[in-house]
Chemist: 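Would you mind keeping the following structure in view while I ask a few things?
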There are 2 protein chains.
Amino acid sequence: MSGLRERKKEATRAALSWAAVRLTAERGWSAVKVEDIAAAVGVSPRTYNNYFSSKAEAIAFRHLERSLRLAAELRHGPPGEPLWEAITRAALRQLEPGPEVEHMPPQGPDEWAAGLRVMLAEPALEAEMLRAGKIAEKELAAAIADRTGMNLGTDLYPRLVAASVMAASNVALELFVQGGTGEPMEVLLPRALRMVAAGLPTP
Amino acid sequence: MSGLRERKKEATRAALSWAAVRLTAERGWSAVKVEDIAAAVGVSPRTYNNYFSSKAEAIAFRHLERSLRLAAELRHGPPGEPLWEAITRAALRQLEPGPEVEHMPPQGPDEWAAGLRVMLAEPALEAEMLRAGKIAEKELAAAIADRTGMNLGTDLYPRLVAASVMAASNVALELFVQGGTGEPMEVLLPRALRMVAAGLPTP
DNA sequence: GCGAATTTTTGCGTGCCACGCATTTTCTGT
DNA sequence: ACAGAAAATGCGTGGCACGCAAAAATTCGC
C-alpha cells in the first residue's frame, strides 16, 4: 500500500543485515552479539527480532535477496528467450554489485572470498545460507514451471532445473572461494550452467 | 581401535537420534526439550551435547548417515561399473530400510511422508537437514573425483555430479512427500537421476 | 492541519539451549 | 587387579528467541 513506511522498513532490514555481515567479518561470528548488531543500527535488540528470527538469518538475508532476484528476473525477462539463455543471463546479472554497496569500502574479489570462507566455516551460518538457497529454489522452480507451462506438483522438470541451477551456482561459488583455479565467477558460473544443462556423462 | 566402547557410543548416538525423531513426531518440535530426549535414552542432558552440538542435529543425523552411505558405497563398489549406473544403484540401496528399523512400529510410506513434512516445516530442522546433505555432498564429490581421476580442487565435474545427484534426490523426495504423483521413490529417484545425467534441455 | 487508528518500536520477563570446567564413573590394556 | 584413558555427569554462565503489554511514530479520514 504505502511507500515511505515500507521503504523505511526495508532500509532498516538491509542495515541490520549489513551490520551483521560487517561485524562478523571484523570480529568473528561468536564475538558479535545481537545487541551489537542492533546497536550498530541504532535500534533496540528486541526490534532486531522483529526483522530476523535468528541471529544467522540477518547474514543469510543478502544471499536470499540475490537468489530471489534471479527468479524474479526470469519472470520479467523476454518470454521468448530460450530457457537456459535466460537463466544464464539472469544468473550473471546477480554478480554485479547492487547499488547498496556504493558506500562500502571497495572490496576486491579476494576479500570477498575470504569473507565468505569465514561465514561458511560457521555451521549455523552455512545452514542458514543453504536454507536461503532452498527458499529461492522454490521461487525459481515456480518461475520455470510458469515459463514452460509445466505442473509444479507432478513434473520433475521444473524442480530439477531449479535445483540444478542452484547446484551449479553453489559449485561455482565453492570453487571460486576455495580458489583452486584463479578464474573469476563470471567464467566459472556460465561454464557450470552449461554443463548441467547439457548433461554430465562420464567423460 | 577397540570394539565395545565405540559400538556403545554409536548405539547411544543412534538411540538419541531415534528418540529425537520419535518424540518430535509425537509432540512436535518445540514441545520436546533436550532434557526429554536425554531422559528417553536414560542419559544426562549434558551428555546429549557430547553427541550432538544442537537439538536439531540429532534429527538430521539419520539423514546424514544415509547420505554418507551413498558415497561410501560408491567407493567400495566395482570400479569398472559406469559412473551413473553405480550412482543409481547406490542411491536406490539407501531407500531400503536398514537393520536399525527392525523393532520400530512398521511405517507405511504415507506415515513416513507425513513425518517428513512435519520435520521440514520447522526452519531449524530444514536447515540442519540441508547441512547434512551438504556434508554428504562433499564426500560424494571426493569419491567421484577419485573414481574419475579428476582434481577436486580445480575441476567442476566431480562437484557438479555430486551436487546434481543430491539435487535429484532432494527433488524426488520433495515430489514424493508432497505426493502430487502417487509414484514411490523407487520410481521417482532413478528417473530424476537419469534426467540430470542426460541433461535438461528445454522440452 | 488534527485527531484517531494502525503499525512499529521498545522494555521486561521467561524458558531453553549450548558449552566450559571440574568431578565422578566406566571401560581398556597389561 | 590396577593404572590410565575416555566418557558421563553436575553445575554454572551467557546468550538467544519470543510472548506480552506499554509507548512512540506514522498514516489516513475529515
Side-chain angles (χ1 to χ4, degrees), chain A residues 1-17 19-21 23-24 27-61 119 121-129 131-132, chain B residues 1-21 23-24 26-61 119 121-129 131-132:
Chain A
M1 178 85 69
S2 68
L4 188 148
R5 201 157 191 151
E6 298 204 349
R7 268 182 300 137
K8 210 169 176 183
K9 249 174 100 81
E10 285 317 300
T12 304
R13 178 177 270 108
L16 283 171
S17 167
V21 169
L23 290 176
T24 299
R27 314 181 197 167
W29 172 244
S30 59
V32 45
K33 318 283 161 236
V34 170
E35 188 185 347
D36 302 333
I37 303 173
V41 178
V43 99
S44 102
R46 182 64 184 82
T47 295
Y48 173 92
N49 281 73
N50 290 347
Y51 285 91
F52 298 109
S53 58
S54 84
K55 189 165 67 133
E57 208 175 289
I59 290 200
F61 177 67
M119 304 285 180
E122 208 69 36
L125 291 184
E126 185 189 10
E128 199 61 31
M129 292 283 215
R131 200 167 74 91
Chain B
M1 180 80 72
S2 66
L4 188 146
R5 200 154 190 154
E6 297 204 350
R7 266 182 301 137
K8 210 169 177 182
K9 248 174 101 81
E10 284 317 298
T12 304
R13 178 178 268 105
L16 284 171
S17 167
W18 193 254
V21 169
L23 290 176
T24 300
E26 287 173 8
R27 313 181 198 168
W29 172 244
S30 58
V32 45
K33 318 283 161 233
V34 170
E35 187 185 349
D36 302 332
I37 304 173
V41 177
V43 99
S44 104
R46 181 62 183 84
T47 295
Y48 173 92
N49 281 76
N50 291 347
Y51 284 92
F52 299 108
S53 57
S54 85
K55 190 165 67 131
E57 208 175 289
I59 291 200
F61 177 67
M119 304 286 180
E122 208 69 36
L125 290 183
E126 185 190 11
E128 199 61 31
M129 293 283 218
R131 201 168 73 91

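A, B, ... follow the sequence lines: proteins, then strands. Residue 1 opens every chain. Quick caveat: nothing in here was measured; it's all calculated off a predicted structure.
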Chemist: When the distance from NZ of B:Lys8 to P of C:dT26 is rounded to whole Å, what number comes out?
Modeler: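 Distance, rounded to whole Å: 9 Å.
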
Chemist: Looking at residues at least two apart in the chain, or sitting in another chain, which of them share a ring pair (Phe, Tyr, Trp, His ring centres under 6.0 Å) with B:Phe52?
Modeler: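 Scan of B:Phe52 (ring pair (Phe, Tyr, Trp, His ring centres under 6.0 Å), adjacent residues dropped) gives B:Tyr48, B:Phe61.
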
Chemist: What is the separation between atom CG on A:Asp36 and atom P on D:dG14, rounded to the nearest whole Å?
Modeler: 15 Å

Chemist: Any side-chain to backbone donor/acceptor pair from B:Ser17 onto B:Ile59? Under 3.5 Å, distance only.
Modeler: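 Looks like no, no N/O pair under 3.5 Å.
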
Chemist: Starting at NZ of B:Lys9 and ending at C1' of C:dT28, how long is that distance when rounded to a whole Å?
Modeler: 15 Å

Chemist: Expressed as a whole number of angstroms, how long is the span from A:Leu16:CG to D:dA17:P?
Modeler: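 It is 13 Å, rounded to the nearest whole Å.
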
Chemist: Would you kindly give the NZ-to-P distance between A:Lys33 and D:dA17, to the nearest whole Å?
Modeler: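 Checked: the NZ to P distance equals 12 Å.
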
Chemist: Specify the angle, to 10°, made by the local axes at the two ends of the helix from C:dG1-D:dC30 to C:dT30-D:dA1 when five pairs are taken at each end.
Modeler: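 For the helix from C:dG1-D:dC30 to C:dT30-D:dA1, the axes at opposite ends meet at about 40°.
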
Chemist: Could you check how far CD of B:Glu10 sits from P of D:dA7, rounded to whole Å?
Modeler: 11 Å

Chemist: Residues two or more places apart in sequence or in another chain: which of them pass side-chain hydrogen bond (donor to acceptor under 3.5 Å, both in side chains) with A:Glu122?
Modeler: none

Chemist: I would like to know whether B:Glu26 and B:Leu23 meet side-chain contact (heavy atoms from CB on, under 4.5 Å); could you show each step before the answer?
Modeler: CA-CA 5 Å; B:Glu26 287 173 8; B:Leu23 290 176; 4.0 Å; yes

Chemist: D:dA5 P sits how many Å from B:Glu6 CD, rounded?
Modeler: 17 Å

Chemist: Write down the distance between CZ (A:Arg13) and C1' (C:dT9), rounded to a whole number of angstrom.
Modeler: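 Computing the A:Arg13:CZ to C:dT9:C1' distance gives 14 Å.
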
Chemist: Please list residues of residues 44-59 of chain A whose heavy atoms come under 4.0 Å from any atom in DNA chain D, ordered by number; otherwise none.
Modeler: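 Of all residues in residues 44-59 of chain A, the ones placing a heavy atom under 4.0 Å from DNA chain D are A:Arg46, A:Asn49, A:Ser53, A:Ser54, A:Lys55.
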
Chemist: For B:Glu57, enumerate each residue passing the side-chain hydrogen bond (donor to acceptor under 3.5 Å, both in side chains) test, keeping only those at least two apart in sequence or located in another chain.
Modeler: B:Ser53

Chemist: Looking at A:Glu10 and A:Arg13, does any basic side-chain N land under 4.0 Å from a carboxylate oxygen?
Modeler: yes

Chemist: For B:Ala132, enumerate each residue passing the side chain to side chain contact (heavy atoms under 4.5 Å, CB included) test, keeping only those at least two apart in sequence or located in another chain.
Modeler: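 B:Ala132 satisfies side chain to side chain contact (heavy atoms under 4.5 Å, CB included) with B:Ala60, B:His63, B:Leu64 only.
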
Chemist: Run the side chain to side chain contact (heavy atoms under 4.5 Å, CB included) test against B:Ala56 and tell me which residues pass, sequence neighbours left out.
Modeler: B:Trp29, B:Ser54, B:Leu125, B:Glu128

Chemist: Pair up each side-chain donor or acceptor in residues 30-41 of chain A with any protein partner under 3.5 Å, not counting sequence neighbours, and list the distances.
Modeler:
from: A:Lys33; atom 1: NZ; to: A:Ser30; atom 2: O; distance (Å): 2.7
from: A:Asp36; atom 1: OD2; to: A:Arg27; atom 2: NH1; distance (Å): 3.2
from: A:Asp36; atom 1: OD2; to: A:Lys33; atom 2: N; distance (Å): 2.9

